[in-house]
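Report on one structure; see the data block that follows.
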Amino acid sequence: MDQYAAAEMNFELPPELSMLKEQVRRFVDTEMIPVEMRARVGEGMDPDIKASLEEKAKALGLSGYDVPEEYGGQGLGLLAKAVVWSELGRTIALPSRNVEIFGPNVSPLLYLMNAEQKERYLKPTLRGELRWCFAQTEPEAGGDPARIRTSAVREGDTYVINGHKRFITAAGSADYAQVIAVTDRAKAAHGGISTFVVDMKAPGVKLLRQQKLVIDDRPWEILFENVRVPARDLVGKEGDGFRLAQTWLSIGRIRHAARAIGVIERCLEMGARYAGERVTFGAPLAERQSVQFALADSYMDLHQLRLMTYDAALKYDGGRDIRVEAYMSKIFGDAQSFVAADRCLTIHGGIGLTTDLPIEKFWRDQRSMMITEGPNEILKMALARHVLKAYGGNR
Ligand SMILES: Cc1cc2nc3c(=O)[nH]c(=O)nc-3n(C[C@H](O)[C@H](O)[C@H](O)COP(=O)(O)OP(=O)(O)OC[C@H]3O[C@@H](n4cnc5c(N)ncnc54)[C@H](O)[C@@H]3O)c2cc1C
């Protein structure tokens, strides 16, 4: 019986994924970390470094790793993608959002379009001819989509869209936006929301301003004023917006968790090395218990997070609903990677705050990750609903 249990439970990656992990790790160590302090310019990348990394990623066979095979990509499963994302998380060479050296960044929502929409939007996006943005958040509606005010009213064979969006990443360079709007205010919050593809050059679309944040990203505020959208640019059916979003949000959360694995690991590497070198009061920092405990705690977090994330991704690849696992992985990963960056910063003292090292960037980025794609507190609320139901707390 013991032997049987041991054979069924296996926490190691299969050999092909261990090889993939090693391959991406080598790429990160030899090609990305050496250029990471000069690779990014503002919210984008230095064009020469970007082109060189793209070429090397292609030569290694990593291009299109996250694109399904039917669209010419490698169609990796979620566990394999989590392995790639966690290795990439070890470097700040790439922008934290809109990573593009492996081919155009494609929103998972595009794969949910109908065949005709895929021809007009998905395929040109995959060929790098069109760029997109995703517009859900509004001044009155962030984590709570029930408060969305942007409306889409049907008039003949068009919809007329009016609304104000903010925090929209890459809106300034996007050819089209995937806009979340209310089509039926009378319906329960989630049933009355729909998704549209909107041409960013359509009359009535106005880029108001680029927002400045503590991180390098510069998302946009946009206004939609009487924007006419052909009815054929509705994605799915009317009222489908929330359901469609649910099908891919879990993947985004696993991406957060996987990235956090890489951040924690790099912070451990940097923290341990510096603790061994830096001498204060006659002894290296590595001999101080407070420093040892900080490293030990981050190491435990790393192990827990890896197990949680791999478990969730494996279940997803097996066709299971991973909403709960994805909540836990994102909440824990984003929070503990921020703590790991903070601990690493403490170990480095003043130099940790400088832009000579990547630590302050990890620290800023991971703080932002706790807010985007579902703030941790809101995910915890959703997780608590599950816990109360599972353990009889719903009265
Ligand atoms: C860099 C960046 C890029 C972004 N890119 C995009 C994009 O491309 N497209 C897009 O549509 N949006 C984007 N966003 C918006 C992002 O998704 C929202 O900021 C996020 O959903 C939170 O919404 P909010 O800021 O309005 O906070 P709110 O929802 O107003 O919440 C405010 C605070 O209250 C807490 N809170 C809320 N409800 C509860 C509750 N029930 N219990 C306990 N605490 C609660 C939250 O945790 C949060 O800290 C981006 C944001 C940033 C910072």
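First listed ligand is number 1; within each ligand, the first listed atom is number 1. In this chain, numbering begins with 1 at the start of the sequence shown. Quick note: numbers below take in every heavy atom, side chains included, and nothing from hydrogens, waters or symmetry partners.
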Under 4.0 Å from any heavy atom of [X], which atoms of ligand 1 are there?
X: Met381; value: 41 (N)
X: Gln136; value: 10 (C), 11 (O)
X: Pro375; value: 22 (C), 46 (C), 47 (O)
X: Leu213; value: 1 (C)

Does the protein place a non-hydrogen atom closer than 4.0 angstrom to [atom]?
atom: atom 30 (O) of ligand 1; value: no
atom: atom 9 (N) of ligand 1; value: yes
atom: atom 33 (C) of ligand 1; value: no
atom: atom 5 (N) of ligand 1; value: yes

- Query: What class does the angle between the rings of Tyr121 and Tyr176 fall in, given that below 30° is parallel, 30 to 60° is tilted and above 60° is perpendicular?
  - Reply: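 Ring orientation, 0 to 90° scale: tilted.
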Can you confirm whether the side chains of [X] and [Y] place a donor and an acceptor under 3.5 Å from each other?
X: Tyr111; Y: Lys118; value: no
X: Ser250; Y: Arg323; value: no
X: Glu238; Y: Ser194; value: no
X: Gln210; Y: Glu43; value: yes
X: Thr150; Y: Glu138; value: yes

- Message: Measuring from atom 51 (C) of ligand 1, which candidate in Thr372, Ile378, Leu379 has the nearest non-hydrogen atom?
- Response: Thr372
- Message: Nearest non-hydrogen contact with atom 3 (C) of ligand 1 belongs to which option: Thr169, Asp217, Asp216, Ile168?
- Response: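 Heavy atom nearest to atom 3 (C) of ligand 1 belongs to Thr169.
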Write out the residue and atom name of the closest protein heavy atom to [atom], then the distance separating them to 0.1 Å.
atom: atom 43 (C) of ligand 1; result: Glu377 CB, 3.7 Å
atom: atom 19 (O) of ligand 1; result: Ile371 CG2, 4.0 Å
atom: atom 28 (P) of ligand 1; result: Gly143 N, 4.0 Å
atom: atom 13 (C) of ligand 1; result: Phe167 O, 2.9 Å
atom: atom 24 (P) of ligand 1; result: Gly142 CA, 3.8 Å
atom: atom 17 (O) of ligand 1; result: Thr137 OG1, 3.7 Å

- Message: The criterion is salt bridge (Lys or Arg N to Asp or Glu O under 4.0 Å); which residues satisfy it with Glu140, sequence neighbours excluded?
- Response: Arg147
- Message: Per the ring-ring contact (aromatic ring centres under 6.0 Å, His included) rule, what does the pair list look like for residues 318-350, sequence neighbours excluded?
- Response: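 Only Tyr274-His348, Phe338-Trp363 qualify under ring-ring contact (aromatic ring centres under 6.0 Å, His included).
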- Residue-ligand contact Ile215/ligand 1, heavy atom below 4.0 Å: yes
- Message: Testing the basics here: between Phe27 and Lys56, what is the closest heavy-atom pair and its distance to 0.1 Å?
- Response: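 Closest approach of Phe27 to Lys56: CE1-CB, 3.7 Å.
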- N/O donor-acceptor pair under 3.5 Å between Arg40 side chain and Pro95 backbone: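 A pair under 3.5 Å: no.
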- Are the aromatic ring centres of Phe134 and Trp248 under 6.0 angstrom apart?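 Between Trp248 and Phe134, which both carry aromatic rings, the centre distance is below 6.0 Å.
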